[in-house]
*Asks:* 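Here it is: the structure, laid out below.
In this text, all values refer to a predicted model and were calculated from it rather than measured experimentally. Throughout, a chain's letter reflects where its sequence line sits, starting with A, and its residues are numbered from 1.
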Amino acid sequence: MNYACHLLVYLSIYTIVAQSLNLVVGYCGLISLCHAGYFAIGSYAYAIASKAGYGFVTASALGVSVGLILSLAVSLPAWMFKGDFFLLISLAVQIAIADVISNWVYPTAEPGTLRNLTNGPYGIAAIPRPHWLGHRADTMVSMAILALATAGLCMLITFLLVRSPWGRLLKCIRDDELASRGLGKPVRYTKLQAFAVSCGMAALAGSLYASYVGYIDPSSASLDNSLLMLSMVLVGGTGNFQGPVVGAATLLAFPEILRLLHIPAAAAANLRLMAYGLLLILLVHLRPQGIAGERQA
Amino acid sequence: MNYACHLLVYLSIYTIVAQSLNLVVGYCGLISLCHAGYFAIGSYAYAIASKAGYGFVTASALGVSVGLILSLAVSLPAWMFKGDFFLLISLAVQIAIADVISNWVYPTAEPGTLRNLTNGPYGIAAIPRPHWLGHRADTMVSMAILALATAGLCMLITFLLVRSPWGRLLKCIRDDELASRGLGKPVRYTKLQAFAVSCGMAALAGSLYASYVGYIDPSSASLDNSLLMLSMVLVGGTGNFQGPVVGAATLLAFPEILRLLHIPAAAAANLRLMAYGLLLILLVHLRPQGIAGERQA
Amino acid sequence: MQLEQEILRSDIDRTTGARNRLAVRLRSLRKTFGGQEVLKDVNADIARGEVVLLRGQNGAGKTTLLNILTGNLAPDAGTVEFSTNGAALAFSFPPPIWSRITPWGRFSPETLSRHGIGRTWQDTRLFKTQSLSDNIAVASPRLIGEIPHVAVANPLRVRREEKQLQTVVARVLDKLGLGEVASSPADSVSLAKTKLVAIARALQAGAEVLCLDEPLAGLDSTDVGSVLGVLRQLAETSVFTLVIVEHDFNIPRILDLVTTVWTLDKGRLKIEKPADIKAWFHAPCVEELPRWARLVIGDVDVITVPLGSGAVLHRVRSKRRANITDAPVLEVEDLVVHRGYRSVACNGRDEALRGMSFELQRGDLGIIEAPNGWGKTALLETIAGVTTAKEGSLKLLGLPLNGQSPWNRRRSGITLLQARDSSFSSLTVRDSLHLAGVAYVQDDLRALASRSVSSLSGGEKQRLAFTCACDGQSYDLALLDEPFTGLDDKSISGICKRLSAHLGNAAALVAVPSLA
Amino acid sequence: MQLEQEILRSDIDRTTGARNRLAVRLRSLRKTFGGQEVLKDVNADIARGEVVLLRGQNGAGKTTLLNILTGNLAPDAGTVEFSTNGAALAFSFPPPIWSRITPWGRFSPETLSRHGIGRTWQDTRLFKTQSLSDNIAVASPRLIGEIPHVAVANPLRVRREEKQLQTVVARVLDKLGLGEVASSPADSVSLAKTKLVAIARALQAGAEVLCLDEPLAGLDSTDVGSVLGVLRQLAETSVFTLVIVEHDFNIPRILDLVTTVWTLDKGRLKIEKPADIKAWFHAPCVEELPRWARLVIGDVDVITVPLGSGAVLHRVRSKRRANITDAPVLEVEDLVVHRGYRSVACNGRDEALRGMSFELQRGDLGIIEAPNGWGKTALLETIAGVTTAKEGSLKLLGLPLNGQSPWNRRRSGITLLQARDSSFSSLTVRDSLHLAGVAYVQDDLRALASRSVSSLSGGEKQRLAFTCACDGQSYDLALLDEPFTGLDDKSISGICKRLSAHLGNAAALVAVPSLA
């Protein structure tokens, strides 16, 4: 039961992540490598706020706001850069976020203060379980329900967004930016919005993660994590609603299966990496219409 | 004098690196993020061989051969993938190489044996200074001369290659692969050759580095290093002969200037990263013809 | 809906007389690309409801100008002003500092599109993953569903709006005959259909000034019809201002829609009326004039002179001779031509052009294109002396011709090929040639030598007549009245070749019916 | 050099008679895209030296077939065989397992190119950062400088090779008139020049079979000439096998080069001779026939019947009538026409077509297009009874005409408009009309009523003649000999309108010179 709840929480978190990343990859047609960074930003913001005594809603709202504002770091370059170059920019943002998180540390200051915001490589421990309106998610079941509810909310928002004229506009901009501008569409502003929603949701997923695991360190902002998130989107199929959910489930199931097969952790890590690579190559082969293709099998 | 020689050695090494990476970025039109991996492969191969008693020529030839053969890891995907996707693949290769180097370790075995090839995170120390035909490069001056000679050789080879019909063919393939195939050109094979030359040269630079510094660890295979190398090429200007040299000199001079300004190391690292990013964005702005553009200011 | 609204608006405009208001005003536009001045000092106005045809050679800067008109490209210097959407919008270049800094009101496709300047692209640029109806729907301005927080917070309102919109779009598509493929993705329908949707999309975005980049390019002749139909409709509502870039060979198809023709040549814009260029594009025989003229001259240079009452004179000359200024072979000044007692050929209806004046140099091929009854034949006969000129002067090689008899004129170097029956039917071919003093007879005629002229076919007669007129004595000026009438292609090229040989040291004046 | 070599080789081939060897052989090709069968069972052969024109509507699969021919696209089924470069190469689809696994001899552009199958692209696809000369140089096969270790180890040898190559390339460019821009990058020269270079590049790569994708697309009429010149040269050496995809409106320009026409329609390939489709594309007046015919008939349906010796009969009828089968108005069977004592109009040169046969129904507009001297006038006169038929039968409304006098035929419903001088010049216009029994006279002629026929202009005469012939008594069959000769557009459309009104219960046969 606990194991099922654990899986459910993880699935919820990564469904949000994949769903939000899909807004950038599938609907804007830009491959981003810095999603783990926003995930980590959300978790750190949540951790600091909740350790300062704020409830789940306030703390995660803070996380979302920070993620939303910092999304400008990628959305402004997206005005100008596409393809290769955007990928490099997002990689730079990723490295910058990871660097800042690892280095915002000062030995004598308390974690969460301005001098030692992230506590650097030591991370922030003992993050309290989420509580709201006097209620506290102490059991695994209540945690799973919270995660599921949050994921449900995010999926509803995403669904409404991508099915709305706004989602159609995003896809049109992806298809032909110049033609969209020629129709008087606020192309740049719309991209900004898409990135803000995407990064905000990633931060929300990070808040959920921090509240569940109770400890965070800079590894959550690692490039590997970004690649994992990207793989979820690509595996599931970009540019549609159900794809990311499928992708998140597939890639979360994979290490669990390896664990059930009793493969040692070190070997499993490498195996996983290779499997991701293979999966990606296979997928690209089978979907020659490219990354942002709408029609998929 | 020693400082000058030190700079000269570094300049030689990174000129080779930038020059070789330019073959892929400028002449094949593919942005690669795994060049540091091949650099590290070369240094490890050299370190192991030279510790086993082989001379500079033999050991570095081994390094080059290994780099050349392993270049297939990127050149085979390059048959199929371009732009975004190739960048992701090269990132995967980069991570795989770094992973293998960090993990090919076994506590009880000697470094350099099959069970503990790279000695993992501890690295390989006490690599002997280069010696050939009974002569040993003990002084800084002789080391600088060796490095300069090697760089000169590499530049000559690159010069002959890029100015030859082979170089022209590469550029034509970059411009229009389908048209090149329609003229009966062995497009895939030519790409293979370009990557082999490029990775082989990176490995040679790695050998030189290992022999000069005397100690290597997995950090030389890091993504940051790959990004630094890529920046050199992009800053200098892709697709021409002198660009990479200029780029290497610029980016090597930067930290030296910071050091002369007495900026603390930690701050300098972040500053450097930001500067690279800024530089890249500026460059892309000023050279809108794109990464593989031939004409440049 | 958009279309219907516009048509309504058009009626209002017409009654209020607002139709002739200026829509676009271009002043001293300059644009340089890589050191090459593509546009130098372009000035033009477009009144509301006008249909402008923008033509020019490949690389003359048509697309550059279109891109400037639609905000896709900023000129180096000059001003661009629009009066659309009931408001004015002006840009001057290079832009002043303050406008470079503020993000609002920039010279960009977005700004111009919101102000009612729309465009289509040559390759249509539809959103390829979207259905045709979504391609049009997305163009609608001010959709509340495109505000993300409204889309999330008030989905029902968005859905209602979308439903209305789709009804409108369905009607537009039905009108275009695309009702059945409304939900097909844009990359799965034919080119002609995408071109129609591209126009509908621009209108849906609220375009009043619509710039069309080669709307007919790449279409089969059957498809051209449907696009042309829509263009015609737009032109006829006369509320839309159209700027159409089109390739030369498609121009005849749209010329009757056009109110103004802009010709870009070497960076300058020439503004003409369609009638002026009509002669170049007479619809049924687009290629005919340049074609046979080129057979005669090779690489040609043309100066076109209007002769009044719908007639034009093309002075065609070899490019090699373009810079040679020679003494004129024929000078015509204020000539008034009569047939019987009626003066024809610009007979006073056009006061400014009471008589006609032109000249021809050696090597010139003059082509008079005029409608039937204009007096082409009479003009040639007047020059040849068969009819006498009542007013004006005629000079051959500087010597006045007035008063000289046809025979004298023949001797001084004018030969005339009459339109029909210039040979004597009772003679044999051989005798006819002999009479005309033809020494060398070409093979094809030699085979006919012993037959009587009356037994020849029409084409054979015409060839004989040409030979008699032009291969007999030497001449300085050949007057040819419809020399190609009834001839097949082979004969035409034969005649052209021979005429070409003669043009080395003579001029020729050819009259053909205008076919525009 | 390449070109020169090829020309040399061509001479050898011609003497050894190897010219007619098969170069390409396609059997049962099929290709499906997204459920739509683009090609179904395509079979064709191309002999060496042939010039194939591949035509078809947009989306008919022209480019698909071209891509299959050049290895850019594998068909779903069928076989493709080449006999070029002195060797044979065959592929069958779907490919056998073993050929899918081995990397050699695959069906790919590389393999086919090395075997002498070259192509050009519609958008030329030159290497844009390279100079024009490098664009050609890089295409050369088997350069030792393209082997990297040779380039490093033996730079002098590579330089020598390169120098030779550049001399050759310079000569090729000079020949194309591109010597001056040889070192300009490919993206800075005009489209026409890139098209020439694209062809030269394919030849340099050793192409024997050259597939050209719309070589004239997007070119101005002046540029078309230069590309056409090169194509003509290639076609004339007759060692190159050309497959040209071209758009309908450019086809007239290349039709005379072509030896075979492939028409793709609904996935099937129809193989024709150029003469068969020539009538559709008579060069100078591409649009003329359909245009005035459409003025008469509206939406037309055409059946084209060859009459031998280069003449064709187009039976044009309204689409609305397409399915109505009526008793024929005119039946012609095995008719041999004479002029004087010579039999004309398919006079036995073509044994299979000794006489001519055709029929016209009510509402049909028959258009005879024939070269000069073919006997168009004689044919019409034979039908009208002015000349007697020596062989064959003629029926009007089922009743035999043979032996009846012209007056009888006129009374039974045949009216003839002769090509020229069908009116009596000494009469006034009013008298002429009266004589012809014309009751209602149109305004334009009424204004001329009191003038004598001889004072009319050519166009006015022609209008009068038409009125006399067709507006007098009623008729079942109108024979019109070059009715539009010398008329301007307005008169043509006037005549067409009147003819159109008559065609309700009559047929018309119009003779015009062929202009292909």
*Asks:* Does A/F159 reach the side chain of C/V152, with side-chain heavy atoms less than 4.5 Å apart?
*Replies:*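 No, side chains not in contact.
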*Asks:* Name the region of C/R119, side chain, backbone, both or neither, that has any atom closer than 4.5 Å to a heavy atom of chain A.
*Replies:*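 Contact with chain A is absent: no heavy atom of C/R119 under 4.5 Å.
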*Asks:* Below 4.5 Å from any heavy atom of chain A, which atoms of C/R159 appear? Answer side chain, backbone, both or neither.
*Replies:* neither
*Asks:* Roughly how far apart are A/S164 OG and C/L143 CG, rounded to 0.5 Å?
*Replies:*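 Taking OG in A/S164 and CG in C/L143, the distance rounds to 10.0 Å.
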*Asks:* So do A/P165 and C/V158 actually touch side chain to side chain, heavy atoms under 4.5 Å?
*Replies:*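 Heavy-atom side-chain distance check passes, below 4.5 Å.
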*Asks:* Please determine, among C/S140, C/P148, C/S108, C/P109, the option with the most heavy-atom pairs under 4.5 Å with chain A.
*Replies:* C/P148
*Asks:* I'd like to verify something: which residue of A/L156, A/T158, A/L160 has the highest number of heavy-atom pairs under 4.5 Å with chain C?
*Replies:* A/L160
*Asks:* Is C/E162 salt-bridged to A/R168, going by a charged N under 4.0 Å from an acidic O?
*Replies:*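 Salt bridge present between C/E162 and A/R168.
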*Asks:* Among A/L170, A/T190, A/D176, A/L169, which residue has the highest count of heavy-atom pairs closer than 4.5 Å to chain C?
*Replies:*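 Heavy-atom pair counts peak at A/D176.
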*Asks:* Counting heavy-atom pairs closer than 4.5 Å to chain C, which one of A/V187, A/L178, A/I173, A/V197 comes out on top?
*Replies:* A/L178
*Asks:* Look up atom OG1 in C/T129 and atom CZ in A/R174, then write down how far apart they are to the nearest 0.5 Å.
*Replies:*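 Going from the OG1 atom of C/T129 to the CZ atom of A/R174 covers 4.5 Å.
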*Asks:* Between C/R201 and A/A179, which heavy-atom pair has the shortest distance, and what is it?
*Replies:* NH2-CB, 3.9 Å
*Asks:* Where does C/A153 contact chain A at under 4.5 Å (heavy atoms): side chain, backbone, both or neither?
*Replies:*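 Contact with chain A is absent: no heavy atom of C/A153 under 4.5 Å.
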*Asks:* Hey, does the side chain of C/S113 reach the backbone of A/G182 with a donor-acceptor pair shorter than 3.5 angstrom?
*Replies:*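 Checked: pair present.
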*Asks:* Which bit of C/T120 comes within less than 4.5 Å of chain A, counting heavy atoms only: side chain, backbone, both or neither?
*Replies:*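 No part of it gets close to chain A.
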*Asks:* Counting heavy atoms not belonging to A/Y54, are there more than 12 under 6.0 Å from its OH?
*Replies:* no
*Asks:* Heavy-atom cut-off 4.5 Å, strictly under: side chain, backbone, both or neither for C/L165 against chain A?
*Replies:*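 Just its side chain gets close to chain A.
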*Asks:* Is it true that A/K185 and C/E146 make a salt bridge, defined as a side-chain N closer than 4.0 Å to a carboxylate O?
*Replies:*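 Yes, A/K185 and C/E146 are salt-bridged.
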*Asks:* For atom OH of A/Y189, decide whether the heavy atoms of other residues, nucleotides or ligands shown that lie under 6.0 angstrom number more than 12.
*Replies:* no
*Asks:* Using a 6.0 Å cut-off, check whether atom CZ of C/R106 has over 12 heavy atoms from anything other than its own residue.
*Replies:*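 More than 12 within 6.0 Å, yes.
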*Asks:* Do the non-hydrogen side-chain atoms of C/Q130 and A/C172 ever get within less than 4.5 Å of each other?
*Replies:* yes
*Asks:* Would you check if A/R181 and C/N72 make a side-chain contact, meaning some heavy-atom pair closer than 4.5 Å?
*Replies:* no
*Asks:* Checking C/F127 against A/L183 for the side chain to side chain contact (heavy atoms under 4.5 Å, CB included) test, could you report, in this order, the C-alpha distance in whole Å, the side-chain angles of both residues, the deciding distance, and whether it holds?
*Replies:* CA-CA 12 Å; C/F127 305 116; A/L183 296 173; 3.9 Å; yes
